[in-house]
Visitor: 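After the structure tokens below, expect a handful of questions from me.
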Amino acid sequence: MTNEQTNTGNPRVDYEYRRRKSAEEMKYQVVSFVLMILLTLIAFGAVAADLSKWFTIPVILLMVVVQVIFQLYYFMHMSHKGHEAPQLFLFSGAFVGFLTLLTFFTIIWW
């Protein structure tokens, strides 16, 4: 629905549209919350199973990355329009942080 279709001047239609959008947004937040709990349980399970640290650490890091993405897009509403500048800064900061860690690990390794 475009903005012209929803802005009918009828308060009842506008209310129903906002209510539907809110219900849809809540559904996404509940699903992402359940997925984050599941990812946390997987990480705890990897540690509790006493698996090799060469397997456990990458699994935990993968779970962290997925959870950060869920939290940014659904709980901090970064999926909405108009958040392009904050997205750019967040992803740029994450990229610089990754490069910094990669540099330090490379220096330490050699």
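These numbers come from the heavy atoms of this one structure, side chains and all, not from hydrogens, waters or symmetry mates.
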Visitor: Are V64 and V66 connected, step by step, through hydrophobic side chains (Ile, Leu, Val, Met, Phe, Trp, Tyr) whose heavy atoms are closer than 4.5 Å?
Guide: yes

Visitor: Would you be so kind as to tabulate the donor-acceptor pairs closer than 3.5 Å made by side chains of residues 33-51, with sequence neighbours excluded?
Guide:
unit_1	atom_1	unit_2	atom_2	d
T40	OG1	M36	O	2.9
T40	OG1	Q67	NE2	2.8

Visitor: Using a side-chain heavy atom cutoff under 4.5 Å and only I, L, V, M, F, W and Y, what cluster partners does I57 have?
Guide: L61

Visitor: Do E25 and Q29 make a side-chain contact, defined as non-hydrogen atoms from C-beta onward lying under 4.5 Å apart?
Guide: yes

Visitor: May I have the list of side-chain donor-acceptor pairs in residues 90-102 shorter than 3.5 Å, sequence neighbours left out?
Guide:
unit_1	atom_1	unit_2	atom_2	d
S92	OG	L88	O	2.7
T100	OG1	V96	O	2.8

Visitor: Please identify each residue that fulfils side chain to side chain donor-acceptor pair (under 3.5 Å) with E16, with sequence neighbours left out.
Guide: R12, R19

